[in-house]
Structures are given as structure tokens and as C-alpha cells.
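Next up is a structure, given as C-alpha cells.
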Amino acid sequence: MQETRYKNTINLPRTNFAMKANLPVKEKEILKFWDELGLYSRIQEKNAGGEWYLLHDGPPYANGDIHMGTALNKTLKDFVVKYKSMRGYRCPFVPGWDCHGLPIEHRLLRELHKTKHDVEVLDFRRKAKEFALKWLGVQREQFKRLGVLGEWDKPYVTMDPAYEAKEIEGFARLYADGYIYRGLKPVHWCIVCETALAEAELEYHDKESPSIYVRFKADERVNRLFGVENASIVIWTTTPWTLPANLAVAVHPDFQYSAVRVNHGQDAHATSLVLASETLPRLKDELGWEDYEVVATVNGAQLEGMNCDHPLADRKSRVILADFVTLDQGTGCVHTAPGHGQEDYEIAGKYNLEIYSPVDERGRFTPEVRDFAGKQVFEANDLIVQHLRSRGLLLEATKVTHSYPHCWRCKSPVIFRATRQWFINVNHNNLRRRTLELVKQVRWVPAFTEKRFLATVEGRPDWCLSRQRLWGVPIPVFYCTNCHSPFLTPEAADHLVALVRKHGVDIWFEKDVKELVPPGAKCTGCGGGEFEKETAILDVWFDSGTSHQGVLTQRNDQKYPAELYLEGSDQHRGWFQSSMLTAVALTNSPPFREVITTGWTLDEQREKESKSKGNITNPLEIVQKYGADVLRLWVSSVDYSSDMVVGMPIFEQMADAYRKIRNTLRFLLGNLYDFDEEKDAVAREEMPEVDRWALSRAQWLLDEVTRALEDFEFYRAYRRIHTFCTVDLSSFYLDILKDRLYTAGPSSRERRSSQTVFARTLRLLDLMLAPILSFTAEEVWANIRRKNDPQSVHLASWPELDDSARDRDLDERYERLNRVRSEVAKVIERERAQGTIGNSLEAKLVLYCADEELLDFLSSFGRNLQMLFIVSSVEVVNLGQKEPPAEAKATEIEGLFIGIGEAPGRKCSRCWKYSETVGESVHHPEMCGDCVKVLVTYFGEEA
RNA sequence: GGGCUUAUAGCUCAGUUGGCAGAGCAUUCGGCUGAUAACCGAAAGGUCGGUGGUUCGACUCCACCUAAGCCCA
């Protein structure tokens, strides 16, 4: 009967902050709130006078939905931007999109069932633009849904006229400064479609090819080196048709090479065959040698610069050194045709070999090729083999089935064929060396990525800028129709840039060349006045790689250089490098001060996500099911510097972690319903010790979280916050405080003190969580906002560290207490297992101390020990030299024995503690003395 | 095949200059029913990817191997 009356004197938590977050719905309301508030603009206004901290967005490709990688990337950027914004930095975030290029071109051609030859260029480009715009719009909404703040209404787009104009201007400056040249380079070429093919346009299928061993007669110097007569160098190839273009034979400088004399068969005694010594055991079987002898062995390096006779033509083939030579296949002597192979091409530069490719666009040998002119290369294979055999140069001819690139469209095998392409010379003006120097001025996170970036710059070939495609920015070069020399004077460039800025780059395709060159332009070579346009377009990496010019130097809300670039590890060869090279060439400075590299998302077997495996985790699905804050929490929880595992169980776990944090916030909030910090706050000096401890812990937390965010190590911040919520708050501080909050007088100093701690801790937590749990933090903010606070938590300032609240001694004191608490819990648990007690308040503890220091330590907590252990009675006993009583349990703590028994007295029906004072009050016979006092003081009851 | 990187409990992460493998979550069992689709406790869970070496002693240093990832070939 008294139950309900007493119940009314208990101060239970009250809040509208729901336990069940319902984020998928709630977040959309918050997005609307931000939109109506103009949150992004307000943040920019707030920080307009602040120091710059510019994060430059690497543009995702505008096709398809966002995926885990792009979601992770933008979320990490959002953490940085929100945190820096709270610290008062001026850090506008301008998202970008990469719009040109092959993937879109492919998709469209496939949809149209056409090839690049039979579409009308302008019409096709219009369609491509629409396609890119459509996906740009889709991705924009998806990124916004993640809670990413930015200049979404004015992103940078690589197909904007102003952007294209700056890109062309950049090309023209590089051209004028001599970085750009036109040269021959082998590319994948389809002889049916008559076009170059990009890597993405290839399909690999098994193909049967000839496998032949051919000997090249070596010169006298080789004979002398081995001390033999008639030495021949043996090569192996599966493309006999490339032999007419052979210019060299490559050997490895570190391998051993032997001259071998075979004593039987057609070659008996006729010649000494040179091949890598280690290949001999394998080759003697393949070539059927039974009786042979090794005549001499030399180092590969010694062969450099010697010559052989070309097996089909009247010229020499040089012996060169190359590290790419391997021993697992062939002879260790590699047939080299710079016009028909990637490695061959690369090594050709070093030895000044011609990029010789006597094959036309239909795959037929050109007239200069003796005996085979006009023959299609695959058909010529047999002919060439016969020829070699008749000249006695063929050692072996079989067939081999191997994986071989085919045209994705017509399914026919492709060839490597050298064509004229535009390049950036990475060694011009010491570009490579200057880049390597400037790389050192950049802070690379994690540190090892600097080494990696350096290696890619050191090893990279010249940058091939041209693509024979439709959807991109044209290479802005004209050719004189008379002397065919390229034409791009600074005046012509300025003229063109102005046109593009005004009309967009489509003007290149729309207008006649006469309207694109300045009036009266004359060829610098022959003085001719007639020109034609280059038809190739620029590599899309040149588009995005010049964003530091097209964006950073152009917009009022940007500046050069950026403080930070943050992308996946594939960008070491991609955007980081294209940006760095162009920036060094154009401005002699890095476009970024710091570069953060992230790993990739993998499935739960740590394997790459792929459509065919069906192991893809879709971020949009996570957002729909759990909410963006759960996705964001996951992003914060992982060490992004290495690869990250994703999968539904992981998000399930993140949802649990989210709920824990949310419930902690909710509990703090629920106990503040009758608290006004201005009127009710208790000064720290007047607080109970444990409250001061809690304030101290909160400051340590702030310190560590701040440092973690300064270092962009969000997972450290996440772990600290989560552990604080679970260990410091939920299982200790909040648990022991329940009694005080609920049963003390509503406006008593003890209760006000704990509420003061709650209010400060909640505010601190909310601000710290704002960059990560952006939505939930906003929801909390709406509940705790004071009169002078901004409308959004994202407009608030990062909390200042209050060093005076930190108390190392208190921290250690309670750490020690908690070790005792843990022992107490074990004792109680043992008792529980025997069924003697249920609720810990039913217990009375006796702490026997055999150690005086421990005795003093525990005694110093006085009556508070009951509260700290959540039991009804604690007695601290000096054991001295005596043995502990039989019922006392030994503990992990030296000198501490714990006895447990039933608490004396009866259970107070109000505070549930057992007390001998229950029954003393006439009016409240079921209540303890403490509760009676509260009722008398705060609720006007009689004693 | 080459360069770089990763590997500690089911999951996310700690582990200082070598010195008895840790935390949180999840799991199991239990308590509470005044944070209740919550809260508290206890227990169980590891040959530190593998092999070899240096050392009195190795998760830590060295070599090799395996698996995976990015980039290149």
C-alpha cells in the first residue's frame, strides 16, 4: 500500500530520447533539419576567418552506385572536415567527380550496340555527358545520406568548361615547356576493328600459338668470349610474326650463360648454342638433346653490346641486358621487338633502339618486310617458321596453349603494335628527380607509403597521355597540313582556352579547325596556314591529375596547395602520382602537404569483393538496415591504413556497439530532466570524491580522443569512447550512482553533484562523438542545448581541455579500488552460485587485511565502500599477524581476504538496502533511517 | 615473377627499449526487474599465420615459407 507513495519519491530517469534509435527514419529528419538550417554554409561562415585546413577530394568515377570503398573514403574525409571545423579551421569540402573516360564510353557503346567508328561524335558525347550527370546525381544523394557535409550544390566536375579550359591550359604550358612529345609506343591493337584497345577492353581466352626455338648466329666477339667457333644465341617465342621486327636479344646481367655443343642430330658440331645455364636441364628435354657438352660459361653482363645476325633480314640484332629476363620459360635469351612488346619497348629507350613495327592497322606486314609483305601476321606465322627451318635456324617448333588477350568486341586475338602517341617526358627538366625531392616535403601516412610512392615514381615510364577515344578532353594540338608538324603556340593555346572556357570542350568537335586556331596562324615549321586537328583525347588521369589547377587555384573557397589528400592505395600510381607530376611540372611544388593512404575492403575471408563471388557488402544496404551512424561507427572503428574486413556479422556487432553508446547517452540524459546547470551545478571542490574521479576521467578521455583525431587515428578515438562508456560509466560509475540519483533528495547536494557530472560528461561525449556519430550527436544536442548554444552540434566548438580537473592520484586510487571491486564481485558470484544471495544488496562484506597499507587504503573510503561495491554493509578488519577466519576467501590481491554473509537488518522498501534502522520509524516502519530523513526533508513527511 | 603491405581470442583492436599474452564486444552461465527489445557479474575462449635462427629468455629481432591485398609485369 505504501509502495506507490514511496515510488513517487524515487527520482527515476525520464527522457524522450528513445532507446530504439530507428536511425533509418530519424536520420532523414536530421538531414532535412541540416538542409533547412543551411548547416554547411553556416559552418563556412563561422570559420571564414579561421586558419585554412583544406582537404581536396579525389573525384570518384561517375558511374554506378557508391560502394564500400567510396563510402569509407567519403566518411573518413567527413570525420576530418567535421573535426577540423569544430576546431575553428576553415575547411570547405568541395566534392568532385571524374566524368570522362572509357568505362562510360564502353557502357554507352554497349547499350547502343555500336563501335566508336559508327557513332556521331557530338551526339555520343552528349549522351556520355547525360550518363555522367545522371550518376553524379545518384552518388551525390547517396553521399549526402551518409551524413557527409560538403558543397554539394557546387561540386567540381571534370567536364565543366572552366575545368576543361584549365586542363587544356595546363597541357599547353607543359607543351611550351618541352615536357610533351609525340612518340611511338606499342599498344594492344585489334586488327579486325582496326583500333587500339585499352587494358579494360581486353578479354583473356586460351589460344593455341606456335612455340619455337630459334638460333641467332652470333658474331666473332661472342665466339671469342666462349672460346668456340660458330656460336648461336637461342631464343624462344610464341609469336613468330614478331621476328621480322626483332632488333635485339635480351639477357639477364646476373645469370650464367653457357655455350653448349650438341653431338647428334641436324646441329651436331655445327654450332655452339648459347643459353642460360639454369635452363639447360629443362631444355635438353624439350629440345631432345641426349649427347651434349657444356663448352664454356660466362656472366650475362659480359655479353652486352655484342651482335647476332637477324634470322630473316640482312641486319644485326644486338645483345642487351634486361632485368625482366626470367628462367622459368624459354632460354634466358629473350627475343626483343620494341614495336611489339611492352617490356621490349621500355628497354628500347635505354639502348636507343628504334620502335620498329612494320605492321599496318589491318595486321599486315608493310612492304619493307622482305618475303612476307602484305601477309596478315597470324597467317604469316607458319610461313616464317618454314623460312627459319629452311635456313637451318629453327631448333624446335611445337604448339602451346596459353591465355591470350582477345578483343572484347569481336573476340579475335589482338596484337601489340606501336603507334604514335603523346607522352609526358618524366625526365625533362629533371621532372622525376625534382618530384622525388619534393616527395620528401610531404607527410605520408602511414609512413611506409612514402617509400612506396618513391618507388613508383622512380620506376615509371614516360606518361602516355593520348587515347584514341571519343569521351574526353581532346589533345589540343594542330598539325600543319603541309609539313605535318604539330602546332601549338602559346597564342594558339590562349585562343583555344578562351573558346573552351566559353563554350565547353565540345567546340573542338563542333567547329572547323579554322575557327579553333587564331586568325592568321602560321605553321612554325613551314609557314603554312592550313591545319588539321589531333583526333586523340587525353588520358582521364590527366583530367583528375590537374584538379589542383582546375579546382584549388580557381575557386574562392579553395587554395593551393591542399593540406590533405586521402585515398586508397591504388592512387599511388593513380591520382597521387598524376597530381604530383603535373603539379611539380607546372608549379614546382607538391599539391598536398599530407597524403593519407587507406587500404581496401575485403570480405570475411580477407578476399577481394567481387560481383562473381557475390561477397559484396553494399553500404546502402547497411544504411537502410542499421542507419548511416552505424556505418560511420564502423568506419571509425577500423584501422584504415591496412585492408579492412566487411560483412554483415561485423555490422551486426557495430550495431551492438552503437546501442551501448546510445544507451549510455540516454541514461545520462534521463537523469537530467530536473537539472538546470546554471542554477543547480555543484562546484568540483564540494563534490563527493567519486564524482571528482568521474570528471577527471572525462578529461583524460578528451585528451586522448583529441590526440587520436589530430593523428587521424579514428579507431583509437572510437575505442577510447566505447571503453569509457562501458567500463568507466556503465559498469562502474553509473551503476553505483543509481542509488544516489534515485533515492537521495531531488535537490540534495549529492544528487545535484552527480547531475553536474552527468551534464558535463554528456556534453563532452556529445561533442566528441559529433564528427563520427553525426546524426546521433545532433539528436542528443537537441536535448541538451543551452540558450546560447548554436542550433547544431556541428556548429559548436571542440571542447577545451580542463587540465585542472585531471587528477592522476584519484585515477590511480580508483583503479586500485576497482581491482578490489573485481575480487568482491567474484566472491559474491560464488555465493550466488550456491543460491545464498541474489541481489548484491543482500550481502554484507568483511574485508580482512593482512597488510596495513591495504587496510589504510580501504578504510579511507569509509562508509562509501558500501556504495562502491553495491552491498548493504562493509566491514574492514585488521588481520594483523592472525590467520583469516575459515569462511574468508583468499583473493588475487596479496593480503586481502573476503568474508561474505547476510546483511544485518531488514530490506528498506524504498532504497532496497538492508539496514538495522528499518522499523525504527513509526510512520514509515518499512523504511531505513536514511530514506526517512529524505522523506522528512524533501517530501514533508513526518518522522 | 617483382615492389610495397598485412597476419595476436569468433569480431574490432592493445601489447612501450625482447621479461608470466591483454581490453571491449560476441558466446555460455547467473543476477536484477527502479536504464527493461535495457542494466550488472562470472566463466570459457590464444602453439601470437608456419618453419628455422639469434638470445638465459622472442608476439617483439633475423631468414625463409604460406595465405591475402594494392600496384606492376
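When reading the values below, keep in mind they use all heavy atoms of this one structure, side chains included, and skip hydrogens, waters and symmetry mates. A note on names: the letters A, B, ... follow the listed sequences, proteins ahead of strands, and every chain is numbered from 1.
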Checklist entry - Side chains of Trp444(A) and Thr597(A): donor-acceptor distance under 3.5 Å anywhere? => result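 Side chains of Trp444(A) and Thr597(A): no pair found under 3.5 Å.
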Checklist entry - For Glu343(A), which contact category applies under a 4.0 Å heavy-atom criterion: base, sugar-phosphate, or nothing? => result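 Sugar-phosphate only.
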Checklist entry - In whole angstrom, what separates Ile828(A)'s CD1 from rC32(B)'s C1'? => result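 After rounding, the reported distance stands at 13 Å.
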Checklist entry - Just how far, in rounded Å, is P of rC40(B) from CG of Leu841(A)? => result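 After rounding, the reported distance stands at 16 Å.
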Next on the checklist: If you assign Arg666(A) and Asn839(A) each to the RNA chain B nucleotide with the nearest heavy atom, which residue ends up on the more 5' nucleotide?
Outcome noted: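 Residue closer to the 5' terminus by nearest nucleotide: Asn839(A).
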Checklist entry - Which value, in whole Å, describes the distance between the C1' atoms of nucleotides rC56(B) and rG2(B)? => result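 One C1' to the other, the span is 41 Å.
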Checklist entry - Taking OP1 and OP2 of rA38(B), is either one under 4.0 Å from a side-chain nitrogen or oxygen of Lys660(A)? => result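 Checking rA38(B) against Lys660(A), no side-chain N or O comes under 4.0 Å of OP1 or OP2.
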Checklist entry - Between Trp912(A) and rG34(B), do the rings stack, that is, sit under 5.5 Å apart with planes less than 30° off each other? => result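 Stacked: ring centres under 5.5 Å, planes under 30°.
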Checklist entry - When you compare rA21(B) with rU8(B), how far apart are their C1' atoms, in angstrom units rounded to a whole number? => result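 These two C1' atoms come out 8 Å apart once rounded.
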Checklist entry - When rounded to the nearest Å, what value does the distance between C1' atoms of rU6(B) and rC59(B) take? => result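 So the two C1' atoms sit 15 Å from each other.
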Checklist entry - With distance as the sole criterion, do the side chain of Arg452(A) and the base of rC70(B) form a donor-acceptor contact below 3.5 Å? => result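 Present.
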Checklist entry - Quick one: which of rU36(B), rC4(B), rC13(B) gets closest to the side chain of Val638(A)? => result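 When the side chain of Val638(A) is considered, rC13(B) is the closest of rU36(B), rC4(B), rC13(B).
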Checklist entry - Paired with rA23(B) by Watson-Crick or G-U wobble geometry, both distances under 3.5 Å: which nucleotide is it? => result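 rA23(B) is paired, partner rU12(B).
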Checklist entry - Any donor-acceptor pair under 3.5 Å joining the side chain of Lys826(A) to the base of rG41(B)? => result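 Counting by modelled atom types and ignoring angles, no donor-acceptor contact under 3.5 Å is found here.
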Next on the checklist: With a 6.0 Å cut-off (strictly less than), is the heavy-atom count around CD of Glu704(A), excluding the residue itself, greater than 12?
Outcome noted: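 Yes, because the 6.0 Å sphere around CD of Glu704(A) holds more than 12 heavy atoms from other groups.
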Checklist entry - Looking just at side-chain N and O atoms, do His335(A) and Thr242(A) make a donor-acceptor pair shorter than 3.5 Å? => result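 Thr242(A) and His335(A) do have a side-chain donor-acceptor pair below 3.5 Å.
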Checklist entry - Reckon Glu607(A) touches a base, only the sugar-phosphate, or nothing at all at heavy-atom distances under 4.0 Å? => result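 Glu607(A): backbone/sugar contact only, no base atoms under 4.0 Å.
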Next on the checklist: How about CG on Asn16(A), more than 12 heavy atoms from neighbouring residues, nucleotides or ligands closer than 6.0 Å, or not?
Outcome noted: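 It does not: Asn16(A) CG has 12 such atoms or fewer within range.
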Item to check | Separation between CG of Asp344(A) and CD1 of Ile320(A), rounded to the nearest 0.5 Å | outcome: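 Going from CG on Asp344(A) over to CD1 on Ile320(A), the span is 8.0 Å.
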Checklist entry - Atom CZ of Arg14(A) and atom P of rG34(B): how far apart are they, to the nearest Å? => result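 Those two atoms, CZ and P, are 16 Å apart.
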Next on the checklist: Please classify the nucleic acid contact of Asn671(A) as base, sugar-phosphate, or nothing, using heavy-atom distances under 4.0 Å.
Outcome noted: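 The residue Asn671(A) makes no contact with any strand.
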Item to check | side-chain N/O Tyr718(A) vs rG24(B) OP1/OP2, d < 4.0 Å | outcome: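 Answer no for this pair, as no side-chain N or O of Tyr718(A) is under 4.0 Å from OP1 or OP2.
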Item to check | Of the listed nucleotides rU5(B), rA68(B), rU12(B), the one nearest the side chain of Leu602(A) | outcome: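 When the side chain of Leu602(A) is considered, rA68(B) is the closest of rU5(B), rA68(B), rU12(B).
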Next on the checklist: Using a heavy-atom cut-off of 4.0 Å across all strands, would you classify Gly838(A) as base, sugar-phosphate, or nothing?
Outcome noted: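 Answer is sugar-phosphate: Gly838(A) comes under 4.0 Å of backbone atoms only.
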Item to check | Polar side-chain contact Ser642(A)-rA7(B) base: donor and acceptor under 3.5 Å | outcome: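 No, no donor-acceptor pair under 3.5 Å.
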Item to check | For rC64(B), the Watson-Crick or wobble partner whose two distances fall under 3.5 Å | outcome: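 rC64(B) is paired with rG50(B).
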Checklist entry - Can you tell which of rA38(B), rC70(B), rA14(B) lies closest to the side chain of Asp570(A)? => result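 Closest nucleotide among those given: rC70(B).
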Next on the checklist: Taking the P atom in each of rC25(B) and rA7(B), what is the distance between them to the nearest angstrom?
Outcome noted: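 rC25(B) and rA7(B) have their P atoms separated by 24 Å.
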Item to check | C1' atoms of rU17(B) and rG57(B), separation to the nearest Å | outcome: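 Here rU17(B) and rG57(B) have their C1' atoms 16 Å from each other.
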Checklist entry - Base, sugar-phosphate, or nothing: which does Ala825(A) touch, judged by heavy atoms less than 4.0 Å apart? => result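 Sugar-phosphate only.
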Checklist entry - Mind checking who rU55(B) pairs with, Watson-Crick or G-U wobble, both distances under 3.5 Å? => result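 With both distances under 3.5 Å required, rU55(B) matches none.
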Checklist entry - Are any non-hydrogen side-chain atoms of Cys908(A) and Asp930(A) less than 4.5 angstrom apart? => result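 With C-beta onward as the side chain, the pair stays apart.
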Checklist entry - Base, sugar-phosphate alone, or nothing: which one does Arg719(A) contact when heavy atoms must sit under 4.0 Å apart? => result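 If one applies the 4.0 Å heavy-atom cut-off, Arg719(A) turns out to touch a base.
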Checklist entry - Counting only side-chain N and O atoms of Ser731(A), is one of them less than 4.0 Å from OP1 or OP2 of rG41(B)? => result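 The answer is yes; a side-chain N or O of Ser731(A) sits under 4.0 Å from OP1 or OP2.
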Item to check | Nucleotide nearest Asp639(A) when distance is taken to its side chain, options rC13(B), rC70(B), rG69(B) | outcome: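 Comparing rC13(B), rC70(B), rG69(B) against the side chain of Asp639(A), the answer is rC13(B).
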Item to check | 5' precedence on RNA chain B between Ser730(A) and Lys451(A) (nearest-nucleotide basis) | outcome: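 Nearest nucleotide further toward 5': that of Lys451(A).
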Next on the checklist: Side chains of Tyr658(A) and Thr776(A) only: does a donor on one sit below 3.5 Å from an acceptor on the other?
Outcome noted: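 On atom types as modelled, these side chains qualify, holding a pair under 3.5 Å.
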Item to check | Nucleotide rU27(B), atom C1' - distance to CG of Asp656(A) in whole Å | outcome: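 Going from Asp656(A) (CG) to rU27(B) (C1'), I get 12 Å.
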Checklist entry - For the pair made of CZ in Arg832(A) and P in rG41(B), what is the distance, rounded to whole Å? => result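 These atoms are roughly 10 Å apart.
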Next on the checklist: Taking the C1' atom in each of rG46(B) and rA9(B), what is the distance between them to the nearest angstrom?
Outcome noted: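 Roughly 5 Å separates the two C1' atoms.
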Checklist entry - Is it true that the side chains of Asp98(A) and Trp575(A) contain a donor and an acceptor less than 3.5 Å apart? => result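 No, because no side-chain N or O of Asp98(A) sits under 3.5 Å from a partner of the opposite role on Trp575(A).
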Checklist entry - What about Lys608(A): does its side chain form a donor-acceptor pair under 3.5 Å with the base of rA68(B)? => result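 Flag unset: no donor-acceptor pair detected.
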Checklist entry - Which nucleotide in the list rU12(B), rA35(B), rC25(B) gets nearest to the side chain of Ser637(A)? => result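 Selected nucleotide (nearest to the side chain): rU12(B).
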Next on the checklist: Return the pairing partner of rG45(B) with a 3.5 Å limit on both distances, Watson-Crick or G-U wobble; otherwise return none.
Outcome noted: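 Paired with no nucleotide.
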Checklist entry - Would you call the rings of His252(A) and Phe255(A) parallel, tilted or perpendicular if under 30° counts as parallel and over 60° as perpendicular? => result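 Rings of His252(A) and Phe255(A): parallel, as their planes differ by under 30°.
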Checklist entry - So what does His572(A) hit on the nucleic acid, given a heavy-atom distance under 4.0 Å: a base, only sugar-phosphate, or nothing? => result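 No contact at all - His572(A) keeps every heavy atom at 4.0 Å or more from the nucleic acid.
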Next on the checklist: Let's see if you can work this out: which of rA42(B), rC13(B), rC39(B) has an atom nearest to the side-chain heavy atoms of Tyr715(A)?
Outcome noted: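 The answer is rC13(B), which lies nearest to the side chain.
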Next on the checklist: Whole angstroms only, please: what is the CE-C1' distance between Met644(A) and rA68(B)?
Outcome noted: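 My rounded result for the distance is 14 Å.
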Checklist entry - What does rG1(B) pair with, Watson-Crick or G-U, if both distances are under 3.5 Å? => result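 Per the H-bond distance test, rC72(B).
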Item to check | Gap between atoms CG and C1', on Leu741(A) and rC39(B) respectively (whole Å) | outcome: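 Atom-to-atom, Leu741(A) to rC39(B), this comes out as 14 Å.
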Next on the checklist: Taking the P atom in each of rG49(B) and rA58(B), what is the distance between them to the nearest angstrom?
Outcome noted: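 My reading of the P atoms in rG49(B) and rA58(B) gives 15 Å.
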Checklist entry - Which nucleotide in the list rG10(B), rA37(B), rA35(B) gets nearest to the side chain of Gln653(A)? => result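 The listed nucleotide nearest to Gln653(A)'s side chain is rG10(B).
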Item to check | Distance between C1' atoms of rG3(B) and rG10(B) (Å, rounded) | outcome: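 Comparing C1' positions in rG3(B) and rG10(B) gives a spacing of 34 Å.
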Checklist entry - Paired with rG34(B) by Watson-Crick or G-U wobble geometry, both distances under 3.5 Å: which nucleotide is it? => result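 Check on rG34(B): unpaired, no WC or wobble geometry under 3.5 Å.
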Next on the checklist: Regarding Arg821(A), tell me which of base, sugar-phosphate or nothing describes its non-hydrogen contacts under 4.0 Å with the strands shown.
Outcome noted: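 It contacts nothing in the nucleic acid.
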Checklist entry - Which whole-number value in Å describes the distance from Gln342(A) CD to rG1(B) P? => result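 For the pair Gln342(A) CD and rG1(B) P, the rounded distance is 21 Å.
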Checklist entry - More than 12 foreign heavy atoms under 6.0 Å from CD of Glu604(A): is that the case here? => result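 More than 12 within 6.0 Å, yes.
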